[in-house]
Colleague: 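Pasting a structure below so you can have a look.
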Amino acid sequence: MRHARAVIAMLLCVCFAFGGCTRLSVSGQRLSPAETVYPTPCEERLRTDQEDSEPVRSAQYLSMYMDRVTMAPKLLDGTTGFVWRTLGDNADAMAYPVAVTLTGSGGSYRLDSQNNAVAFGTARYNLTDAGVDVTYVMAADRDTAQKKADAVSDGDVWCSLTLRYALSGQTLTVTVPAEKLVCARNWTVTDVTLLPLLGAADDARSDYIVLPDGSGAVMDLGYIDENTRQAAFDVYGGDPACGVSANPAAALPVFGFKRGDSAFAALITGGSEYAVIRANRAGEGEYSRVYASFAPAPQYRGENAVYLGQAAQTDLQVTYMFLSGKDADYSGMAAALRDLLLQQGLLRRTVSDPDAFAMHLTIVGAAGGETLSPASSLREMLSSLKGRGVDDVAVRYSGAFKGGLAQDELYSTRIAPEIGSYSAMEELEGTIRALGYRLYPDVDIFSAGRSYADNASAFDLSGSKSVCRVSDPLAMQDHTNARLSARIGADLALTGQLNENEALYSQNKTYEMYLTRLERLLEQYPGFLRSKYTTDFDGLCVTDAGTILYSDGYRTRAQARDDVASLLQATSEKTRLTVDGGNLYTLYSAESVSHMDTNTAYLESDAYYPIPFSQLILHGSVTMSGEPVDAGDKLYRFEMLKSIEYGMMPSFAWVFSPDSIFNYGYYVQNDKLSEVVDFFHESAAALGDLSGRAMLSHERVTTDSEGEPLTGVYKVTYEGGVSIYINYNATVKTTDGNIIIKPYSSVRIEA
């Protein structure tokens, strides 16, 4: 991952100068669909740790050993005595450190290191200064595996790869070097699964897995839960060039595993744009485990054909940081990940204005040709907020450009006529600046609601124009009893109102957006940077780049990531930049993230519940706001408290058209403003001076001052020792000695 400031600047110069790198075919290779052929399990001793190991390397409290029989390494945590085994704790028919899938005209074959290399005597390892390199020559049968690379025939099911293990301090970096991953002609590597059984076990009942679901989720392994027996997340979302993915998106390429007094936190540091993060809960024939797999060659699966794209030439890499003792929890994992991201230059050291605390207010301008909030409607309401002591507001104007929420192509855009003229926007900007507020029009930089011309459109692998469906960021979220049960105590009065409220949250609007050819984006974006739409306002909110990453016939997904990162860096040097959603590669350039998802895609329960994992990693480097809160809703207090718990700016979204067919439920009325203002002041009192500080820990408070069990109370600690307690219960709670928390309230405790 190459996002440090100097590298981004270099990429910007190169891409603007030459407009492209490797040109790919516009559509993929068409294949007939075929069932995948899996290997036959080898003898048990080759897929189970045999304790016949030699020491490879030691660093701090970690020692690495190499098993001479299985060719699989393991790590000993000298602090706790825990052994992290790459083959799991027990024999498994499909245990392996690495597996690949080969796809071609001859079908699809799954090969793994144990059944298709170690069993055939075609695995070897070499000690290195940092650890060990293990090379596997894998094939469908023993005779083919024995072949040298220059003797392999086109139709042979054959692949060779190297796993490079490097140990430093408490960190293990595992790499599949691109130049060491080769297969026979007419085959393409379409999947690489890396260390799926690291630390895996069937007895991890008191432990948990951390996943990048929404802002973060804990899969508690002490439960049997069919709703979350398996989970998978596409890093940066699915690639629209490959059709629609069934997996939810992960904005950050991170995951973690807690095993007793030991844990690891993992960051995908190479090939993250091709990664899927997968987790399993232990069940019959299954281990509890979490790992990354990679799809370096994109595939589009139609009804009667598979379209296969060109494989990316990039190193695949995961960095594991091992923790013990008091650091072996999700707060410790987040701290380790934050430090690594800062070291790699992927995050800023601190937010641009550490003392700022602003209300994040989204105004919906136009949608579907309908006027929702004209520019002239905002001034009175904003003046009222200022008169009530709301000193800082970041106004995000959504649907401000032609096409509204389904914006027209960026380079032919103008102010949406439904909201007024450009002069009306200038007048609004003047009013906002006079109040000391800021205006950020929404902009889609590479997607449009209308189809592009053929020479301007990105294409998917089937040869059709590439489209994606995006959720309306202002659509109401779906709240259910199950969604709230993990956070709210049994005595919460709101639980009796949830069924009544569920009908209010039934809308889930989406828009079909077309994607531009990335070469065209690079050619025309410099002109946009010079336009009045970039320079005449306080800043911009980029909506699509924070949630979408795609390849097309002219750019791989990795090239697209670097292209977009460079464009956002150039934008941030011209104006203030906010991004919607917040994919990792966008965060170095952004000063804030808007509408960060705090709900989980998988069903919440006691077995699977949300945590502010992203906030624990990012707080202090970038400011954040969550989903807009509806001040008129019965769940208003719950959403407000969650915003404070997650260390985020208060967020609202309003329209000024009460009769709109786009019924967001956010129609602003004067009688709501008092609740909004109270929310802002309560949030500011708790969080107002913490924007530049790291969030150090988050925990459930499980006992009250008398030692009795407690639910619905949380504690968050920041740099400097400040702690925030949040009480979701309808009764007063007292904990940690004499700290009293009122019902549905928060309290701040100084160091």
Side-chain angles (χ1 to χ4, degrees), residues 214-216 251-252 334 338 341-342 346-362 390-398 432 436-440 442 473 538-543 545-547 568-569 571-572 575-598 612-629 639-640 642-653 679-696 698 716-720 722 724 746 748:
S215 289
L252 302 184
R338 179 176 63 245
L341 290 169
L342 289 169
L346 299 176
L347 289 179
R348 298 174 185 267
R349 286 284 165 184
T350 185
V351 297
S352 54
D353 187 356
D355 296 322
F357 188 84
M359 176 188 294
H360 283 209
L361 176 59
T362 299
V390 179
D391 294 327
D392 196 359
V393 179
V395 182
R396 174 181 165 183
Y397 209 160
S398 188
I432 286 176
Y437 296 165
R438 302 183 303 282
L439 179 63
Y440 297 78
D442 271 13
D538 295 308
L540 291 173
C541 178
V542 173
T543 51
T547 55
L568 294 181
Q569 178 62 32
T571 306
S572 71
T575 190
R576 304 178 74 161
L577 179 65
T578 293
V579 296
D580 185 273
N583 286 334
L584 176 61
Y585 59 89
T586 70
L587 296 182
Y588 185 86
S589 301
E591 70 170 22
S592 64
V593 179
S594 178
H595 295 180
M596 180 174 281
D597 191 2
T598 60
F613 197 59
S614 293
Q615 288 76 12
L616 282 161
I617 296 170
L618 301 177
H619 203 284
S621 292
V622 61
T623 58
M624 294 160 278
S625 65
E627 298 94 340
V629 174
E639 298 293 354
M640 187 211 74
K642 190 173 184 181
S643 177
I644 293 175
E645 179 192 348
Y646 279 46
M648 298 187 300
M649 304 292 174
S651 176
F652 298 92
F679 178 8
F680 173 80
H681 289 309
E682 184 172 350
S683 297
L687 305 172
D689 61 346
L690 301 179
S691 296
R693 303 192 203 180
M695 183 186 289
L696 299 182
H698 172 274
V716 188
T717 304
Y718 291 84
E719 280 182 319
V722 173
I724 310 292
S746 64
R748 171 171 168 152

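Everything numeric in this text was worked out from a predicted model, so none of it was measured. Side chains included, hydrogens not; waters and symmetry mates left out as well; all remaining heavy atoms used.
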Colleague: Would you sort out whether L618 and L347 count as a side-chain contact (heavy atoms from CB on, under 4.5 Å), showing the intermediate values?
Modeller: CA-CA 8 Å; L618 301 177; L347 289 179; 3.7 Å; yes

Colleague: To the nearest 0.5 Å, tell me how far F679 CZ sits from F652 CZ.
Modeller: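 Reported to 0.5 Å precision, the distance equals 5.0 Å.
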
Colleague: Looking at E645 and H698, what are the two nearest heavy atoms and their distance?
Modeller: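 Result for this residue pair: OE2-NE2, 2.7 Å.
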
Colleague: Under a 4.5 Å cut-off applied to non-hydrogen side-chain atoms, are V716 and M695 in contact?
Modeller: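 Yes; the side chains approach each other to less than 4.5 Å.
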
Colleague: If only atom types and distance count, is the side chain of R348 paired as donor or acceptor with the main-chain N or O of S621 below 3.5 Å?
Modeller: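 Side chain of R348 to backbone of S621, a donor-acceptor pair under 3.5 Å: no, none is there.
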
Colleague: Is it the case that the ring center of H619 lies less than 6.0 angstrom away from the ring center of Y718?
Modeller: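 Aromatic pair counts; centres sit under 6.0 Å.
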
Colleague: Any side-chain heavy atom of V393 sitting closer than 4.5 Å to one from R438?
Modeller: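 No; the side chains remain at least 4.5 Å from each other.
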
Colleague: How close do Y437 and D391 get, counting heavy atoms only, and between which atoms?
Modeller: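 So the two residues come closest at CE2-O, 3.5 Å.
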
Colleague: Apply the test side chain to side chain donor-acceptor pair (under 3.5 Å) to residues T578 and H360: give CA-CA distance (whole Å), side-chain angles for both, the deciding distance (0.1 Å), then the verdict.
Modeller: CA-CA 11 Å; T578 293; H360 283 209; over 6 Å; no

Colleague: How far does OG1 of T543 sit from NE2 of H595, to the nearest 0.5 angstrom?
Modeller: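 Nearest 0.5 Å value for the OG1-NE2 distance: 11.0 Å.
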
Colleague: Measure across F357 and P650 and return the closest heavy-atom pair with its distance rounded to 0.1 Å.
Modeller: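 Heavy atoms of F357 and P650 come nearest at CZ-CD, 3.5 Å.
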
Colleague: Answer yes if the side chains of D442 and S398 hold a donor-acceptor pair under 3.5 Å, and no otherwise.
Modeller: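 S398 and D442 do have a side-chain donor-acceptor pair below 3.5 Å.
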
Colleague: Is there a side-chain contact between M624 and Q615 (heavy atoms, below 4.5 Å)?
Modeller: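 In short, these two side chains touch, coming nearer than 4.5 Å.
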
Colleague: Search all heavy atoms of A545 against all heavy atoms of L568 and return the closest pair with its distance.
Modeller: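 Answer, listing the atom of A545 first, then L568: CB-CD1, 4.2 Å.
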
Colleague: D689 vs R748, test: salt bridge (Lys or Arg N to Asp or Glu O under 4.0 Å). Steps then yes/no.
Modeller: CA-CA 12 Å; D689 61 346; R748 171 171 168 152; 2.8 Å; yes

Colleague: Sub-3.5 Å donor-acceptor pair from the side chain of T586 to the main-chain atoms of G582, do we have one?
Modeller: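 No; zero donor-acceptor contacts below 3.5 Å.
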
Colleague: State, with a plain yes or no, whether a side-chain heavy atom of R396 is found less than 4.5 Å away from one of S594.
Modeller: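 Touching, per the 4.5 Å side-chain cut-off.
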
Colleague: Return yes if some donor-acceptor pair links the side-chain N/O of S215 with the main-chain N/O of D597 below 3.5 Å, else return no.
Modeller: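 Present.
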
Colleague: Whether the side chain of R576 engages the backbone of D538 through a donor-acceptor N/O pair (distance < 3.5 Å, no angle test) should be reported.
Modeller: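 No: the side chain of R576 does not pair with the backbone of D538.
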
Colleague: Walk me through it: do T598 and E627 pass the test side chain to side chain donor-acceptor pair (under 3.5 Å)?
Modeller: CA-CA 7 Å; T598 60; E627 298 94 340; 2.7 Å; yes

Colleague: side-chain contact (heavy atoms from CB on, under 4.5 Å) between L252 and L587: does it pass, once the steps are laid out?
Modeller: CA-CA 10 Å; L252 302 184; L587 296 182; 4.2 Å; yes

Colleague: Is any side-chain heavy atom of V722 closer than 4.5 Å to one of L690?
Modeller: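 Touching, per the 4.5 Å side-chain cut-off.
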
Colleague: Starting at CG of L696, measure out to CG of L616 and round the result to the nearest 0.5 Å.
Modeller: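 Output value for this atom pair is 9.0 Å.
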
Colleague: Give, for atom CE of M359 and atom NE2 of H681, the distance between the pair rounded to the nearest 0.5 Å.
Modeller: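 Atom-to-atom, M359:CE and H681:NE2 are 8.0 Å apart.
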
Colleague: Could you walk me through whether M596 and S614 pass the side-chain contact (heavy atoms from CB on, under 4.5 Å) check?
Modeller: CA-CA 9 Å; M596 180 174 281; S614 293; 4.3 Å; yes

Colleague: Report yes if the side chains of Y646 and S625 come closer than 4.5 Å at any heavy-atom pair, otherwise no.
Modeller: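 Contact flag for Y646/S625 side chains = no.
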
Colleague: With rounding to the nearest 0.5 Å, note down the distance linking CG in D392 to CG in D355.
Modeller: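 Taking CG in D392 and CG in D355, the distance rounds to 11.5 Å.
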
Colleague: Which heavy atom of S691 sits nearest to which heavy atom of M649, and what is that distance?
Modeller: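 Scanning both residues, the minimum pair turns out to be OG-CE, 3.4 Å.
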
Colleague: Can you list the steps and then say if Y440 with V395 is a side-chain contact (heavy atoms from CB on, under 4.5 Å)?
Modeller: CA-CA 6 Å; Y440 297 78; V395 182; over 6 Å; no

Colleague: Find out whether V542 and L577 are in side-chain contact, i.e. whether some heavy atom of one side chain is under 4.5 Å from a heavy atom of the other.
Modeller: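 SC-SC contact between V542 and L577 confirmed.
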
Colleague: So how far is it from I724 CD1 to I644 CD1, rounded to the nearest 0.5 Å?
Modeller: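 Result: 8.0 Å between the selected atoms.
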
Colleague: Short question: side chain of S589, backbone of Q569 - any donor-acceptor pair under 3.5 Å?
Modeller: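 Yes, S589 side chain to Q569 backbone: donor-acceptor pair under 3.5 Å.
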
